[in-house]
Structures are given as structure tokens and as C-alpha cells.
Amino acid sequence: MVGSAIWRALSEKGYTNLIGCTSKQLDLRNQQSVQSFFETEKPDIVIDAAARVGGILANNNYPYQFLMDNLLIQNNLIESSLKQDVKKFIYLGSSCIYPKLAPQPLQEGCLLSGDLESTNEWYAIAKISGVKACEAIRKQFGKDYVSLMPTNLYGPHDNFDLQTSHVLPAMIRKFHDAKLNGNSTVALWGSGSPMREFLHVDDLAAAVVFSMERQFEDNLYNIGTGQDLTIKSLAELIQHIVGHSGEIIWDSTKPDGTPRKLMDVSKMAKLGWTAQIGLEEGIRNTYQWYLNNQDNFKEVKI
Ligand SMILES: NC(=O)c1ccc[n+]([C@@H]2O[C@H](COP(=O)([O-])OP(=O)(O)OC[C@H]3O[C@@H](n4cnc5c(N)ncnc54)[C@H](OP(=O)(O)O)[C@@H]3O)[C@@H](O)[C@H]2O)c1
């Protein structure tokens with residue numbers, strides 16, 4: 001989802017000399033393959049949009065893959081970039097790197113100030129290690145290796161598999177299926193009370209291009225909208241957009257995750273970047289993409 005959005009954004013801005021690969025073409029967990037790819041292609045700038053990504057269920061069931069695949073992918077990319085003298089490296093982490101009970105909105109400075117949310121600690125520990133690797137390179141070698149921490153993302157090319165997806169695409173699929181099958185009730189995970197922030201992936205892509213075109217003084221920047229809503233309100237909005245009418249049943253036996261996760265986005269705003277796509281507009285755009293891609297939307301299996 002993120003890689004293709006960044007590719008679209010770069011192409012729209014007129015960048016042409018882009019190199020990208022699927023995991024089948026280049027398994028980033030394989031150090032030798034990554035190093036020889038770098039020696040052949042000699043990139044000037046590297047944007048790491050590759051990761052083992054998933055929601056609470058996937059993180060819970062596959063802790064080893066979420067820790068180790070992410071460590072291998074990012075370590076190989078960062079190390080090869082340093083060896084090949086790549087001048088700019090953009091590392092994408094996630095808001096789950098911040099402690100579960102950190103003061104809200106989450107500031108970059110609260111990193112490593114408390115315990116992580118246990119449902120995704122494996123992923124978070126890998127991501128924190130990537131932030132620190134980029135910070136170490138900046139400190140030791142003076143290179144502009146920067147970490148961007150996006151909030152929850154959604155948009156075209158999201159993962160719509162109900163076992164591994166994030167909350168927003170899972171809700172789109174559940175309400176859509178219920179509408180098609182004439183089901184009046186839709187069961188959703190948790191209590192509906194946690195608060196979350198959502199950013200359209202095209203906004204993130206714009207932030208990545210913005211960051212690529214500037215020299216950064218610091219190593220870590222939050223990327224979000226700075227606005228959140230309850231999961232219950234999100235469900236009602238998606239139900240309305242999809243056109244399903246019926247009852248939502250909240251399954252409180254399932255985990256809620258962190259009670260609130262709102263980014264402080266003032267650091268990036270001071271540099272001149274803010275999100276542009278409203279939540280309702282973004283969900284409408286994503287649902288339309290889902291409808292247009294019924295034969296080939298992504299379902300990530302682990
Ligand atoms: N989705 C979110 O809500 C969210 C929020 C915050 C941050 N992020 C960050 O954004 C980045 C991208 O996430 P996404 O949502 O775009 O995930 P995604 O749609 O699942 O894409 C992940 C990408 O990683 C590639 N990949 C996975 N394993 C690989 C491997 N071993 N070798 C090479 N490529 C591999 C996949 O390639 P193939 O498809 O070819 O297998 C895919 O292109 C991640 O760093 C993630 O932490 C995402």
C-alpha cells in the first residue's frame with residue numbers, strides 16, 4: 001500500500017529514475033541478495049516501505065515473523081545503504097513504537113519512556129531498532145537518514161484479509177459483505193471505545209516526497225492528521241459510507257489494544273507539512289477502490 005502510493009506520488013512529481021521490486025524479485029531478508037542489488041543499482045536515495053505488516057491478530061499469532069522479518073528487512077537495507085554511500089535514507093516506522101501509556105498526543109520525545117503495548121511489541125521492537133540504527137548513522141556518519149512514524153494508514157492497495165488486516169479495511173470488508181449477504185448484524189472486535197487516528201496513504205506519500213526533497217536536522221518525525229475518533233464512530237462512518245443498515249455487535253472478549261493513540265504532528269507542521277485528505281473523503285475513495293478491485297484486492301496470508 002505505502003510503496004505503491006509513494007511510487008504514484010514520485011511519478012506525479014516527474015521523478016522517473018525509480019527502482020522498485022516485489023518480494024519475489026528480491027527477498028530483503030537475504031543479506032547477500034540485497035547487497036548485490038545495491039552494488040548493481042547504486043541508488044542515491046532509499047525509501048524503506050517494506051515490512052511484515054498486520055493487525056492485532058496477526059501480531060499475536062506470528063510474533064517471531066513480526067520481530068525477525070522486520071529486523072532482517074530493515075537491517076539489510078540500512079547496512080547496504082551505508083556501505084554504498086546512499087545519501088538519503090527514509091525509514092518508515094509506526095506509531096506503535098511509542099509506549100502504551102505515554103501522554104497524548106504522542107510526541108517524538110516519548111520514545112523508550114515506558115512499556116510497549118503487548119499485542120504488537122514484537123513489531124514495535126523491530127521498528128524501534130530501525131529508528132535507532134538510522135539515528136546512529138546520523139550521529140556517527142552525519143548522513144541524512146531519517147525516520148518517519150506514520151499513524152494508522154488506509155487507502156488503495158490496503159490488505160483486506162480478515163485474518164491479517166488492520167481495523168479500517170477489515171470494517172470496509174465486513175460491512176460490504178454484510179450488505180451483499182443481507183446480514184443485519186455485523187460483529188466487530190473489542191469494545192469500540194479506543195480512540196485512533198487515521199491517515200490516507202496518499203497523504204503519507206506526500207510527506208515522504210516532502211521529506212525526500214529536504215535536508216532534515218533531526219532523526220524522528222511523526223506523520224499523522226493530529227485528529228482521532230473512537231473505533232465506534234469509525235465503524236458508524238464506514239457503515240454509512242458502505243450503505244449497510246443494521247446493528248453493530250461489539251465482541252468485548254477480543255482485545256482493544258492501546259486505549260488512545262494520537263500523534264503530536266507539530267514537529268512536521270513546523271517544517272511546512274500537514275495532511276490534506278479528510279477521513280470521510282479518504283474512506284469514500286478507499287471504498288471505491290475496493291469496489292473497483294473486487295477481483296484483485298490484496299489478502300496477505302502468513
Ligand atoms: N499500514 C499501516 O497502517 C501502517 C501504519 C504505519 C506505518 N506503516 C509502515 O509502512 C510500511 C509499509 O506498510 P504497508 O501498509 O504498505 O504494508 P504492505 O501493503 O503489507 O506492504 C508491505 C510491503 O513490504 C514488502 N515486503 C514484505 N516482506 C518483504 C521481503 N521479505 N522482501 C521484500 N519485500 C517485502 C511487500 O512486498 P510484496 O507485496 O511484493 O510481498 C510489500 O510491498 C511499513 O514499514 C509499515 O510499518 C504502515
Side-chain angles (χ1 to χ4, degrees), residues 1-9 19-34 37 46-56 58-59 62 65-78 80 89-98 106 120 122-131 134 147-161 163-172 196-205 207-208 211 220-225 234 257-258 261 263 265 275 282 286 289 293 296-302:
M1 174 170 67
V2 171
S4 58
I6 296 170
W7 192 284
R8 283 196 303 277
I19 316 161
C21 314
T22 64
S23 58
K24 284 206 179 80
Q25 292 165 321
L26 175 64
D27 185 345
L28 294 169
R29 294 170 299 183
N30 183 320
Q31 188 183 17
Q32 270 187 341
S33 311
V34 174
F37 178 84
V46 173
I47 300 169
D48 175 7
R52 166 78 67 193
V53 179
I56 292 179
N59 267 269
Y62 304 99
Q65 276 93 344
F66 274 83
L67 178 69
M68 193 52 70
D69 284 3
N70 285 313
L71 284 171
L72 289 170
I73 289 169
Q74 70 206 30
N75 287 352
N76 291 338
L77 281 173
I78 294 169
S80 287
F89 188 96
I90 298 183
Y91 174 69
L92 291 171
S94 152
S95 58
C96 70
I97 63 163
Y98 295 122
L106 297 162
N120 57 21
W122 317 97
Y123 180 73
I125 284 171
K127 288 289 180 186
I128 292 170
S129 145
V131 171
C134 291
S147 298
L148 303 183
M149 295 304 112
T151 188
N152 303 295
L153 302 169
Y154 68 97
H157 298 282
D158 209 341
N159 169 23
F160 288 91
D161 182 284
Q163 298 299 308
T164 59
S165 63
H166 287 120
V167 59
L168 196 153
M171 282 184 185
I172 290 181
R196 290 290 183 276
E197 175 185 8
F198 296 93
L199 180 76
H200 193 280
V201 71
D202 287 345
D203 265 335
L204 171 66
V208 169
S211 308
L220 179 58
Y221 294 84
N222 291 341
I223 311 289
T225 63
L234 176 74
T258 307
K261 213 164 63 166
M263 294 287 221
V265 291
T286 306
W289 184 90
N293 290 276
N296 64 349
F297 63 76
K298 191 165 64 176
E299 293 177 286
V300 174
K301 308 287 180 201
I302 297 181

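Only a predicted model underlies this, so the values are computations on that prediction, with no experimental measurement involved. All residue numbers refer to positions in the sequence shown, counting from 1. Read the numbers this way: they start at 1 and go in the same order the structure lists the ligands and their atoms.
The backbone and the side chain of Thr22 each have at least one atom closer than 4.0 Å to an atom of ligand 1 (non-hydrogen atoms only). In Arg52, neither the side chain nor the backbone holds a heavy atom less than 4.0 Å from any atom of ligand 1. In Thr151, the part holding a heavy atom less than 4.0 Å from any atom of ligand 1 is the backbone. At a 4.0 Å heavy-atom cut-off, ligand 1 does not touch Lys24 at all.
Among Gly155, Pro169, Ala51, the residue whose heavy atom sits closest to atom 22 (C) of ligand 1 is Ala51. If you check each of Leu153, Asn152, Val34, Asp69 against atom 4 (C) of ligand 1, the one with the closest non-hydrogen atom is Leu153. Of the candidates Ser165, Gly130, Ala49, Pro150, Ala49 brings a heavy atom nearest to atom 23 (C) of ligand 1. Distances from atom 34 (N) of ligand 1 to the heavy atoms of Ala5, Ser23, Gly3 put Ser23 nearest.
Taking the six-membered ring for Trp and the full ring otherwise, the centers of Tyr154 and His166 sit at least 6.0 Å from each other.
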For this session: Show your working on side chain to side chain contact (heavy atoms under 4.5 Å, CB included) between Leu77 and Leu28 and close with a plain yes or no.
Result: CA-CA 7 Å; Leu77 281 173; Leu28 294 169; 3.9 Å; yes
Exercise. So Asn159 and Thr164, side chain to side chain contact (heavy atoms under 4.5 Å, CB included) or not? Walk me through it.
Worked result: CA-CA 8 Å; Asn159 169 23; Thr164 59; 2.9 Å; yes
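If you number the atoms of ligand 1 from 1 as listed, the ones under 4.0 Å from a heavy atom of Ile73 come out as 28 (N), 29 (C), 30 (C), 31 (N). Interface of Leu28 with ligand 1, defined as ligand atoms under 4.0 Å from a residue heavy atom, comprises 30 (C), 31 (N), 32 (N), 33 (C), 34 (N). Interface atoms of ligand 1 facing Lys127, defined by a heavy-atom separation under 4.0 Å, are 44 (C), 45 (O), 47 (O). Counting the atoms of ligand 1 from 1 in the order shown, those under 4.0 Å from a heavy atom of Arg29 are 31 (N). Close approach of ligand 1 to Asp27 (heavy-atom distance below 4.0 Å) involves ligand atoms 30 (C), 31 (N), 32 (N). Near Tyr123, with a cut-off below 4.0 Å to any heavy atom, the atoms of ligand 1 are 46 (C), 47 (O). Contact atoms of ligand 1 toward Leu26: 32 (N), 33 (C) (distance under 4.0 Å to a heavy atom of the residue).
The two residues Gln74 and Ser129 have their closest heavy-atom pair at NE2-OG, 3.8 Å.
Within the 4.0 Å heavy-atom cutoff, Gly93 counts among the residues contacting ligand 1. Distances shorter than 4.0 angstrom do not occur between any heavy atom of Met149 and any atom of ligand 1. Residue-ligand proximity: Tyr154 is placed with every non-hydrogen atom at 4.0 Å or more from ligand 1.
Side chains of Val265 and Thr225 form no contact here, defined as non-hydrogen atoms less than 4.5 Å apart. A 4.5 Å side-chain heavy-atom check between Arg8 and Asp202 finds at least one atom pair inside the cut-off. Side-chain atoms of Cys134 and Ile78, non-hydrogen and from C-beta on, do get closer than 4.5 Å to each other. In this structure the side chain of Phe198 never reaches within 4.5 angstrom of the side chain of Leu153, judged on heavy atoms. Considering only heavy atoms from C-beta on, Phe37 stays 4.5 Å or farther from Ser80 through its side chain.
Rounding to the nearest 0.5 Å gives a distance of 11.0 Å between CG of Leu72 and CD of Gln65. Taking OG1 of Thr286 as the reference point, atom NE2 of His200 lies at 4.0 Å (rounded to 0.5 Å).
Looking at Asn222 and Tyr98, their side chains do bring a donor and an acceptor atom within 3.5 Å of each other.
Of the protein's heavy atoms, at least one falls inside 4.0 Å of atom 28 (N) of ligand 1. In this structure, atom 36 (C) of ligand 1 is not in close contact with the protein, since no protein heavy atom lies within 4.0 Å of it.
At under 3.5 Å, a nitrogen or oxygen of Val2, whether backbone or side chain, sits near a nitrogen or oxygen of ligand 1.
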